[in-house]
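Beneath this line is the structure, given in structure tokens, with notes to follow.
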Amino acid sequence: MATSKFKVVLVYPDLLGTYGDSGNAEILVRRATLRGVDAELRVVHSQERLDDSGDVYVLGGGEDGPQQAAVDALRRDGVLKEVHQQGRQILAICAGFQIIGESFATSDVDNVPGLGLIPVVTRRGRQRRCVGELLCEASSELGIALLSGYENHGGQTEILDGNPLGRVIRGVGNRYEDTQDGYLSDNVIASYAHGPLLARNPALADRLLERVHGLELESLRRRDIGIEAENLRRERIKEVQGNKGSVRTLMRRLTQPNSRTV
Amino acid sequence: MISRKVSGFTRFLAGPLATIVGRASRASGRGSGEAVAGLILNRLDPGGIERISRDKSIVLVSATNGKTTTTAMCVSVLSKVAPVFTNASGNNMTPGVALALENSNKSKIGVLEVDEAHLGEVARRTGAQWLVLMNLSRDQLDRISEVKSLALRWKKLIDQNPEISVIANVSDPHIHFATMNCNKVVRVALGNQWKLDSTVCPVCDSALEFGKNEFYRCIDCDFRMPTAKYSFESEVLYRDKSAIGTVHVGLPGHFNACNGALAAILGIEWGLSPEDALLSVSKVRTVAGRYDTIEHKGLSLTTLMAKNPAGWQALIDMLASDERDIVIGINARVADGRDTSWLYDVDFGRFSTRRVICFGDRRWDIGLRLSYANVDHEVVESFERALSHVVGSEAVVVGNYTAFQDARSTLRVSSRPNINGGV
């Protein structure tokens, strides 16, 4: 483990970085380093060629104009599509999630072609923008009970084929019509949750690291980072659950032996 | 916009009632009372803003960062011309403006700080003659629109009201975009430290290129930084490339010198001599408790406010050479924005040689953020506890909006502004 290398590529933070999503890349690198992995963060701006030797590619959120510019640049560049076909991992949040789908909408254009890496389409929302805390029950294969985050998007995303990252308990997620958030496949984790997502859900960061290295990682629970993350998670989940009487259910879920929360 | 009929009697009662409720609210410890008083006024006397501002000269100051300080400096400068009225910091939406006007008495000049999302409504209703626009960057994205749509709204306001004069910091591409069709714009090149929200052209969404001296241009269309009438370099203010004076401000940080330059330019455009305008700017020492140093239980505390990435970056630059402990308070109440993800847009790693103590409702958010940035820190449940963890006799306290107010009230000092230019 200590000898293996791990490279995270942060894709276009100049265009896809509105909601602190670069934190996801920083968190992956740090959690790998704490386990003795030789980890590197490679930041690639939109004027540069994308690095094709990454283990994980991280895409964040952005406004309409930058989102359009990002999809154009990524299509010209071609590397993201290539590494996706080779099975490298992609973590895509918000606008990044929309971009890797088949199509999305901006405030001016209805049907902007995406990169087509995953079978989802995003249409313009007719209702209120989806803004607020997002709490999901994570897809069971992740072995995580709950995912916590904050969403802020207008677009409504429909999964044409495949599975969501989680089932929405509070908030909207992909769209008003169903209770799904994000998308999950062997090498894509996508979500509308920033926060950033991996800060609030360190177990998800570790699952991603395990996908690359194929090993179960040493727990960081007892370290400061683990304690703070656990406190943040608890505080956020409690806030969202409020006084709805579901705290007990929640606690049961959190204390299940096979639900590794940190 | 408001079609409800309001009787003359209700209107007559609105002012006194607002005052009484405001005082009651303040006496009961629910805050300054200004917010509730403004709300009552705006409701009971919906045409009040239009009626009172009719025979006044109104200057509106708006930006993501520096509104309160620049407003205080503009008040100080224009007080050389005539008595000036202003509004309370943070009470910068329509009700706050209504209250400031109600209390304006005989003052004929109003300098009002306006929330960036409310600029259109306030400008239309007050018939403002002047705008001072400094910068736009990401802030409270859960409440305020994304930067581009805000710039578009400002542009629409200015395009539809050709009689408005604007002092515009065109180093910020969004401010140039908003004022590009304005005939009465006074362009100022102040420099622009925060570029993450100006990566694409506001006109055509192609990439923006930055060159020497903060010059920017679009790689596809003809949008580019225009020639500015005023520029500001190494604390010297230039008009048409000739030096007209040095900006000395009583507040720390390059960003405050920039705010001072803008306020001085407003005065100069109003007919003051550069000397008089610059002197008035230099007299502002503390603004609504910001940059204030307080002695408290043997500690010397400097209180600062930073509430978004651009504001933090400016403060980090200012604090970089310092060795004092840093006490950071983060809340996420309505006035702060509910979303704390912006903490990851701040380069906290530059505090790696400092001791940081975190408090606030969202102390775990900032604590975890600092852990990932590898910054030595502690997380404690209250501001008082944070102070007891300070090593040495000095510290810097930085809070976002409500955390700053909480800290100031614990120190039993006001974070209310010096109204009527009491500077």
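A quick note: this is a predicted structure, and the numbers were derived from the prediction, not measured. Proteins come first, then strands; the chains are lettered A, B, ... in the order of their sequence lines, and each starts at number 1.
- Only the side chain of Asn152(A) comes within contact range of chain B, with heavy atoms under 4.5 Å apart.
- Within residues 42-49 of chain A, the residues having any heavy atom closer than 4.5 Å to a heavy atom of chain B are Gln47(A), listed by residue number.
- One side chain, Thr402(B) or Asp336(B), offers a donor N or O that lies under 3.5 Å from an acceptor on the other.
- Contact count versus chain A (heavy atoms, under 4.5 Å) is highest, among Val147(B), Leu368(B), Thr340(B), Asp205(B), for Leu368(B).
- No part of Val346(B) comes within reach of chain A, as not one of its non-hydrogen atoms sits under 4.5 angstrom from that chain.
- Shown are Leu209(A), Val29(A), Asn24(A), Leu208(A); of these, the side chain to side chain contact (heavy atoms under 4.5 Å, CB included) with Val56(A) is made only by Leu208(A).
- Interface remark: Arg223(A) contributes no atoms to any contact with chain B (heavy atom separation under 4.5 Å).
- Side chains of Arg30(A) and Asn374(B): a donor on one and an acceptor on the other come within 3.5 Å.
- Taking the side chain as every heavy atom from C-beta outward, Tyr150(A) and Asp142(B) approach each other to under 4.5 Å.
- Looking at Cys201(B) and Arg217(B), their side chains never come closer than 4.5 Å, going by heavy atoms from C-beta outward.
- Heavy atoms closer than 4.5 Å to chain A are found in the side chain of Arg138(B), but not in its backbone.
- Using non-hydrogen atoms only and a strict 4.5 Å limit, the part of residues 11-20 of chain A facing chain B consists of Pro13(A), Asp14(A), Leu15(A), Gly17(A), Thr18(A), Tyr19(A), Gly20(A).
- Asn65(B) has its side chain within reach of Asn135(B): a pair of non-hydrogen atoms, C-beta onward, lies under 4.5 Å apart.
- Contact annotation for Arg363(B): neither backbone nor side-chain heavy atoms come within less than 4.5 Å of a heavy atom of chain A.
- Between Phe215(B) and Phe210(B), the gap from one ring centroid to the other reaches at least 6.0 Å.
- Classified by interplanar angle (parallel below 30°, tilted 30° to 60°, perpendicular above 60°), the ring pair Phe348(B)/Trp312(B) is perpendicular.
- Glu235(A) touches chain B through its side chain: at least one heavy atom from C-beta onward sits under 4.5 Å away, while N, CA, C and O do not.
- Using bins of under 30°, 30° to 60° and over 60° for the plane-to-plane angle, the ring pair Phe97(A)/Tyr192(A) lands in the perpendicular bin.
- For the set Val131(A), Asn231(A), Asp64(A), the count of heavy-atom pairs under 4.5 angstrom toward chain B peaks at Asn231(A).
- Side-chain contact between Ile158(B) and Asn181(B): absent, with no pair of heavy atoms (C-beta onward) separated by less than 4.5 Å.
- Here the side chains of Pro113(A) and Phe104(A) are not in contact, with every heavy-atom distance at 4.5 Å or above.
- Of the residues considered (Asp21(A), Asp72(A), Asp224(A), Ile225(A)), Ile225(A) shows the highest number of contacts with chain B, using heavy-atom pairs under 4.5 Å.
- Across Pro173(B) and Asn192(B), no two heavy atoms sit closer than the pair CD-ND2, 3.9 Å.
- With chain A as partner, the option from Leu196(B), Val200(B), Asp345(B), Leu343(B) having the largest number of non-hydrogen pairs under 4.5 angstrom is Asp345(B).
- The minimum heavy-atom distance linking Phe359(B) with Ala407(B) is given by the pair CZ-CB, 4.3 Å.
- Within 6.0 Å of CZ in Arg385(B) there are 12 or fewer heavy atoms belonging to other residues, nucleotides or ligands.
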